[in-house]
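Notes follow the structure.
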Amino acid sequence: MDRTFVMVKPDGFARGLVGRIVARFEEKGFKLVDAKVMQISRELAERHYEHLKAKPFFDELVEFIISGPVFAMIWEGKDAIKNARSLIGVTNPSDALSGTIRGDFAIDVASNIIHGSDSDENADREIKLFFQ
Ligand code: DAT
Ligand code: MG
């Protein structure tokens with residue numbers, strides 16, 4: 001079984017969407033391995049998003065992700081990374097299909113309420129970053 005890292009971002013947490021998001025993963029058939037509410041430090045945020053350092057929105061992204069508590073999770077299941085990304089929807093909520101988390105709950109790319117690892121390598125890296 002694969003594991004993936006998923007995180008409800010500060011906007012999703014503040015809006016009280018944690019329960020509904022957890023329910024979607026459970027309904028899909030994922031198994032919850034670990035979860036916690038946490039405040040991300042600037043250092044952790046910069047490491048988590050280091051592959052986006054050259055992007056014009058990097059500073060805004062870091063400020064946003066440290067702006068309040070997040071809900072970090074490890075989910076386990078078959079093809080966990082791919083299946084989690086399907087539940088989440090594409091990066092820009094304007095393009096995300098109804099029925100996906102971003103499609104149903106978000107409207108702006110800069111506050112798209114949830115993160116999910118995009119590869120096996122990043123899932124391992126992010127689980128270590130957030131849970132060790
Ligand atoms: P994803 O979160 O779908 O894996 P990503 O890794 O390319 O997308 O980008 C990480 C986050 O950065 C994304 O969830 C929201 C933010 N972001 C991406 N593109 C952006 C843009 N054009 N303007 C503002 N924020 C953006
Ligand atoms: Mg990504």
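Each ligand, and each atom within it, is numbered from 1 in the order the structure gives.
- Geometrically, ligand 1 and H115 share no nitrogen or oxygen pair separated by less than 3.5 Å.
- For atom 3 (O) of ligand 1, the nearest non-hydrogen atom of the protein is T91 OG1, 2.5 Å.
- Which of I88, N122, I114, V109 comes nearest to atom 15 (C) of ligand 1 through a heavy atom is settled by distance: it is V109.
- Checked by distance only, ligand 1 and Y49 stay at 3.5 Å or farther apart across all their nitrogen or oxygen atoms.
- Ranking the protein heavy atoms by distance from atom 13 (C) of ligand 1 puts N112 ND2, 3.6 Å first.
- Regarding atom 4 (O) of ligand 1, its nearest protein heavy-atom neighbour is R85 NH1, 2.7 Å.
- Of all protein heavy atoms, the one lying nearest to atom 11 (C) of ligand 1 is L61 CD1, 3.9 Å.
- Looking at I127 and F5, their side chains come closer than 4.5 Å, going by heavy atoms from C-beta outward.
- Those atoms of ligand 1 that come under 4.0 Å of a heavy atom in L52, given as number and element, are 9 (O), 10 (C).
- Relative to the six-membered ring of F131, K36 meets both conditions, a distance below 6.0 Å and an angle of at most 45° to the axis.
- Close approach of ligand 1 to K9 (heavy-atom distance below 4.0 Å) involves ligand atoms 13 (C), 14 (O).
- D120 contributes atom CG, which lies 9.0 Å from atom OG1 of T4 (distance to the nearest 0.5 angstrom).
- By the 30° and 60° cut-offs, the orientation of the rings of H115 relative to H48 is perpendicular.
- In terms of polar-atom proximity, defined here as any N/O pair under 3.5 Å, R102 does make such a contact with ligand 1.
- Under 4.0 Å is where a charged nitrogen must lie from a carboxylate oxygen, and between E63 and R42 at least one such pair does.
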